[in-house]
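Shown next, in structure tokens, is the structure this report addresses.
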Amino acid sequence: LNVQYQKRKKLLDSIFLSIKSTKRFHKSRLEPVINTWFNLARDQTWIFTDDDDPELNRKTNGHIINTHCPSTHYRQALCCKMSAEFDTFMKSQKSWFCHFDDDNYVNVPALLDLLSKYDHKEDWYLGKPSLKSPIKIPHPDNKSEEISFWFATGGAGFCLSRALATRMSPVASGGKFTDLCDSIQLPDDVTMGYIAGHLLGRNLTVIPQFHSHFETMRFMDMKNPHPEITFSYVRYADDSLNVLEIDGFSEEEDPTRFRSLHCLLFPNFSFCPNSKR
Ligand code: UDP
Ligand code: MN
């Protein structure tokens with residue numbers, strides 16, 4: 001049992017988890033994250049945002065990184081943050097880079113189960129596309145030609161092995177990622193797919209257990225949520241919600257459903273009603 005535990009701890013320590021956020025979501029989105037799954041990977045998870053937040057920085061033991069990127073939803077700002085995430089991973093000694101949005105719940109043990117099946121010394125791009133076919137864009141150097149590739153939706157989370165990230169780094173590190181986003185005019189997650197799939201010829205490996213809010217959350221099988229790796233939620237412009245349908249805390253207490261989900265997965269967690277601790 002102890003050997004098993006040591007192995008899991010070692011694997012967890014080899015992962016760099018990053019969360020993309022922005023100032024105006026610190027309260028509404030980061031609070032539910034920091035109160036729940038973040039606690040299962042406190043030393044391995046870093047939050048990339050665009051402002052200082054001493055209170056949050058204290059709560060996360062100094063894991064808030066102010067990228068000084070613009071706080072907008074435009075491509076440049078999002079690519080700037082992804083660029084910072086990638087560079088920070090490259091500077092670390094970690095074997096895996098896993099990116100998430102701040103509206104993701106990450107089932108940490110399920111993520112470990114996944115990564116234990118892959119070798120970080122090989123090229124791996126793990127994630128889930130939201131499109132039904134590869135994206136087609138004009139060839140950046142020859143507009144009469146078309147190229148196509150799959151990309152993992154950033155809002156479902158994705159992981160890159162150290163080996164692949166190292167191969168990507170000549171075009172992606174030291175701020176070059178942002179330049180590339182600009183030159184091909186694609187969002188950050190699409191640019192990742194462009195580099196891995198098109199430039200390096202390493203296709204996305206589809207992981208069905210990653211879930212963004214492009215999927216209907218109430219269709220998720222909550223009797224058996226354990227193998228699922230990520231979850232999400234969204235409130236649409238008309239105020240309708242796409243959230244997990246799950247018993248637990250009230251909607252007022254837990255609008256994202258993350259606390260209820262956390263208690264379903266880890267019933268002994270301190271704030272859970274059935275906690276035996
Ligand atoms: N985000 C950001 N700056 C913004 C808006 C959003 O960094 O001005 C981040 C946000 O924190 C999240 C991701 O970008 O991690 C996706 O944002 P959101 O969920 O609002 O939009 P989506 O792309 O999922 O529709
Ligand atoms: Mn989102």
Side-chain angles (χ1 to χ4, degrees), residues 13-23 41 43-53 57 60 62-102 104 115 118-127 135 137 139-141 147 149-155 157-205:
D13 277 333
S14 76
I15 309 173
F16 178 89
L17 297 90
S18 66
I19 303 173
K20 176 168 65 187
S21 192
T22 186
K23 183 185 174 152
D43 296 334
Q44 299 80 9
T45 307
W46 300 85
I47 296 162
F48 290 78
T49 185
D50 42 38
D51 201 8
D52 293 329
D53 191 329
N57 204 38
T60 58
H63 280 225
I64 303 292
I65 296 177
N66 183 356
T67 60
H68 298 281
C69 294
S71 50
T72 62
H73 203 181
Y74 296 119
R75 188 186 64 242
Q76 272 178 337
L78 301 185
C79 287
C80 174
K81 274 175 203 160
M82 184 63 82
S83 187
E85 292 173 49
F86 187 85
D87 284 352
T88 310
F89 165 71
M90 287 311 293
K91 282 190 211 110
S92 78
Q93 303 297 312
K94 307 281 177 163
S95 303
W96 291 97
F97 168 46
C98 296
H99 157 94
F100 304 100
D101 278 358
D102 56 6
N104 281 139
L115 296 182
Y118 296 91
D119 183 352
H120 65 87
K121 296 195 180 80
E122 296 169 3
D123 292 351
W124 291 109
Y125 174 33
L126 309 172
I135 187 167
I137 61 161
H139 195 295
D141 306 323
I147 58 168
F149 54 90
W150 289 96
F151 70 94
T153 298
F158 65 81
C159 299
L160 299 172
S161 63
R162 165 65 62 176
L164 181 59
T166 303
R167 287 221 292 137
M168 292 170 74
S169 124
V171 287
S173 68
K176 289 204 266 319
F177 184 86
T178 316
D179 300 342
L180 189 59
C181 276
D182 273 346
S183 75
I184 60 177
Q185 305 205 352
L186 292 172
D188 53 342
D189 51 358
V190 188
T191 302
M192 279 290 173
Y194 174 82
I195 300 172
H198 174 69
L199 294 182
L200 300 176
R202 185 49 162 143
N203 280 330
L204 175 69
T205 299

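Here the structure is a predicted model, which means the values were calculated and not measured.
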ask   = Angle class for the Phe86/Phe97 ring planes (parallel below 30°, perpendicular above 60°, tilted otherwise)?
value = perpendicular
message = Taking ring pair (Phe, Tyr, Trp, His ring centres under 6.0 Å) as the definition, give me every residue that meets it alongside Trp150, ordered by chain and number, with sequence neighbours left out.
response = none
request  = For Ala41, enumerate each residue passing the side-chain contact (heavy atoms from CB on, under 4.5 Å) test, keeping only those at least two apart in sequence or located in another chain.
outcome  = Leu12, Leu17, Gln44, Thr45, Val108
query = Looking at residues at least two apart in the chain, or sitting in another chain, which of them share a salt bridge (charged side-chain N to carboxylate O under 4.0 Å, His left out) with Arg162?
reply = none
task = Pick out which of Asp53, Asp102, Asp52, Asp51 makes a salt bridge (Lys or Arg N to Asp or Glu O under 4.0 Å) with Lys23.
result = Asp51
inquiry  = Checking Tyr194 against Phe149 for the ring-ring contact (aromatic ring centres under 6.0 Å, His included) test, could you report, in this order, the C-alpha distance in whole Å, the side-chain angles of both residues, the deciding distance, and whether it holds?
reply    = CA-CA 7 Å; Tyr194 174 82; Phe149 54 90; 5.8 Å; yes
key: Side chain proximity check, Phe158 to Cys98, heavy atoms < 4.5 angstrom   = no
Taking distance alone, no hydrogens or angles, what donor-acceptor pairs closer than 3.5 Å link side-chain atoms of residues 72-81 to residues at least two apart or in another chain?
unit_1	atom_1	unit_2	atom_2	d
Lys81	NZ	Ser21	O	2.9
Lys81	NZ	Asp50	OD2	2.8

remark   = Hits for salt bridge (charged side-chain N to carboxylate O under 4.0 Å, His left out) against Asp179, two or more places apart or cross-chain, chain-then-number order -> none
task = Look only at the side chain of Thr67 and the backbone of Ala84, and say whether a donor-acceptor pair between them is shorter than 3.5 Å.
result = no
message = Could you tell me if the side chain of Tyr118 sits less than 4.5 Å from the side chain of Cys159, heavy atoms only?
response = no
Check: residues 197-205 side-chain donor-acceptor pairs under 3.5 Å, at least two apart:
unit_1	atom_1	unit_2	atom_2	d
Arg202	NE	Asp123	O	2.6
Arg202	NH2	Asp123	O	2.7

query = With side chains defined as the heavy atoms from C-beta onward, is the minimum distance between Lys20 and Thr49 less than 4.5 Å?
reply = no
